[in-house]
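For reference, the structure is listed below as structure tokens.
Here is the naming used below: chain letters follow the sequence lines, and residue numbers restart at 1 for every chain. Atom set for the values below is all heavy atoms of this structure, side chains included, hydrogens, waters and symmetry mates excluded. Worth saying up front: this structure is predicted, and the values here are computed from it rather than measured.
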Protein chains: 2
Amino acid sequence: MTEQQVGRRERKKAATRQAIADTALGMFLERGYDNVGIREVAQAADVAVTTVFAHFASKEALVFDRDQGLQERLIKAVTGHGARWSAPQALRDELHLMVGEFAGEQSTAFWRLVDSSTELRDYESKMWQRHADALAVAIATDRGRPTTTTTDKALARFVLGVFPLAREADDPAAAVDEIMDLVSAAWAAAA
Amino acid sequence: MTEQQVGRRERKKAATRQAIADTALGMFLERGYDNVGIREVAQAADVAVTTVFAHFASKEALVFDRDQGLQERLIKAVTGHGARWSAPQALRDELHLMVGEFAGEQSTAFWRLVDSSTELRDYESKMWQRHADALAVAIATDRGRPTTTTTDKALARFVLGVFPLAREADDPAAAVDEIMDLVSAAWAAAA
DNA sequence: ACGGTAACCCTAACGGTTAGGACTTCACAA
DNA sequence: TTGTGAAGTCCTAACCGTTAGGGTTACCGT
């Protein structure tokens with residue numbers, strides 16, 4: 001009698017999806033991304049290959065399963081900052097938090113996996129770019145525009161550039177500050 | 001007796017490469033990128049499939065054949081600007097020229113082709129990113145550093161972001177100015 | 001003139017991805 | 001309660017970009 005809002009069907013689907021993603025990530029971490037085929041993942045997860053692609057658009061998407069959360073945090077930083085902080089300030093804080101989390105135990109292994117494969121790195125870029133498009137909308141709103149201008153999109157891309165650069169920097173936190181200093185200057189110039 | 005510096009072998013290789021790229025681009029423009037397979041291109045160009053991949057690293061690379069020139073122009077703008085103009089100024093001028101060229105007769109059809117395919121758009125992003133890495137080195141030098149810092153890389157990425165954004169903007173020239181205003185502000189803040 | 005090698009060829013395969021079509025299981029209304 | 005439609009899954013066979021293996025020809029430098 002606790003939470004039966006979602007039917008069995010929906011629960012089963014979510015469970016299948018999770019099982020596939022977990023199985024795949026585990027195999028990738030253990031044996032290397034390129035050394036594990038989709039057919040193997042499907043077999044290990046005890047589903048058909050077509051089922052894998054019913055849940056994930058590509059092999060790479062198996063790895064970046066839960067990336068939607070990152071996007072939402074950025075959006076929230078821009079839309080939810082009070083009057084005390086400016087949007088760039090709020091973004092800087094949130095970015096520091098996010099980049100800091102990348103240093104965790106499991107995260108390190110995860111990002112090492114990503115770095116090991118060209119395809120995963122490419123997919124990562126595309127992911128940030130998707131997030132940049134969403135962030136541009138939030139920035140436009142924050143700057144009081146009904147629709148996104150070139151400036152908004154440029155600023156959003158600039159901000160999202162933090163992740164690749166921070167990951168490859170010796171001191172990620174310092175990289176965040178370096179880039180956000182530039183962003184703040186550009187943001188001010190746009191006002 | 002005019003210019004026999006290069007041997008027959010080298011000339012033939014270049015000719016083959018050119019023939020493949022021309023054939024492929026023609027077919028893509030006529031029938032659509034996704035509707036033309038590599039095997040077809042090879043047959044039409046009268047070469048083996050393996051020969052196609054001996055000259056081009058991927059199907060997408062067939063389309064972006066001569067992109068190296070763009071990169072060199074940007075580098076030259078940063079390294080070759082005199083004392084009269086700043087590097088951002090020189091970049092802005094060069095970008096205006098380059099973006100202007102995209103509006104030409106054949107260029108329009110070319111970019112429409114690129115826009116028609118997800119894979120080509122993705123490849124385009126990767127291409128700009130490659131150029132950004134090279135540009136970062138030039139920027140670092142211009143700013144008097146022996147090696148590229150996070151700031152240099154961020155600025156380079158920001159500049160290269162002009163192309164995708166200008167192409168999708170209603171007024172590409174205005175987009176260049178908008179973005180370069182931001183870049184100039186960031187550049188100044190970094191000094 | 002000749003040995004080495006660069007450019008090219010053919011065939012067969014690999015791995016991600018998708019189409020086609022069938023089967024089972026759940027949701028929901030009659 | 002039962003019937004019906006849709007959703008989730010399955011299997012098979014293929015498509016397409018890409019590569020490995022191994023061979024042939026044509027050019028270049030000595």
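For A:K12 and C:dC26, the shortest distance from a side-chain N or O to OP1 or OP2 is below 4.0 Å. Considering only side-chain N and O atoms, B:T51 lies under 4.0 angstrom from the phosphate OP1 or OP2 of C:dC9. At the phosphate of D:dT9, OP1 or OP2 sits under 4.0 Å from a side-chain N or O atom of A:T16.
Here B:V52 lies out of heavy-atom contact (under 4.0 Å) with every strand. Contacts of B:V47 with the nucleic acid, taken as non-hydrogen atoms under 4.0 Å apart, involve only primed sugar atoms and P, OP1 or OP2. Residue-level contact check: A:D46 touches the backbone only, with heavy atoms under 4.0 Å from sugar-phosphate atoms and none from bases. Note on B:V36: only backbone sugar-phosphate atoms sit closer than 4.0 angstrom, heavy atoms only; bases stay farther off. Backbone-only contact: B:R8 has heavy atoms under 4.0 Å from sugar-phosphate atoms and none from a base.
If you measure from atom CD1 of A:I20 to atom P of C:dT17, you get 14 Å, rounded to the nearest angstrom. Taking atom CZ of B:R17 as the reference point, atom P of C:dA6 lies 18 Å away to the nearest angstrom. Rounded to an integer number of Å, the gap from B:I38 CD1 to D:dC15 C1' is 14 Å. Between the P atom of C:dT18 and the CG atom of B:D34 lies a distance of 12 Å, rounded to the nearest Å. At whole-Å resolution of the value, NZ in B:K59 and P in D:dT18 are 8 Å apart. When the C1' atom of C:dG16 is taken as reference, atom OH of A:Y33 falls 9 Å away, rounded to whole Å. Nucleotide C:dC8 holds its C1' atom 11 Å from the NZ atom of B:K13, rounded to whole Å. Protein atom CG of A:N35 is 15 Å distant from nucleotide atom P of C:dC14, rounded to whole Å.
When distances are taken from the side chain of B:H55 to each of C:dC8, D:dT9, C:dT18, the shortest belongs to C:dC8. Checked against C:dT18, D:dA14, D:dT18, the side chain of B:S58 finds its nearest nucleotide in D:dT18. Side-chain proximity of A:T50 to C:dA19, C:dT11, D:dG17: nearest is C:dA19.
Judged by atom type and distance alone, A:R9 reaches the base of D:dA7 through a side-chain donor-acceptor pair under 3.5 Å.
Taking a cutoff of 4.0 Å between a charged side-chain nitrogen and a carboxylate oxygen, A:K153 and B:E178 do not qualify as a salt bridge. Between A:R121 and A:E168, none of the side-chain N atoms (NZ, or NE/NH1/NH2) sits under 4.0 Å from a carboxylate O, so this pair counts as no salt bridge. Between A:D67 and A:R130 there is a salt bridge, since a side-chain N of the basic residue sits under 4.0 Å from a carboxylate O of the acidic one. Contact check on B:R145 versus B:D152 returns no salt bridge, with no Lys/Arg side-chain nitrogen under 4.0 Å from an Asp/Glu carboxylate oxygen.
Looking at heavy atoms from C-beta onward, B:E124 lies in side-chain contact with B:W111 at the 4.5 angstrom threshold.
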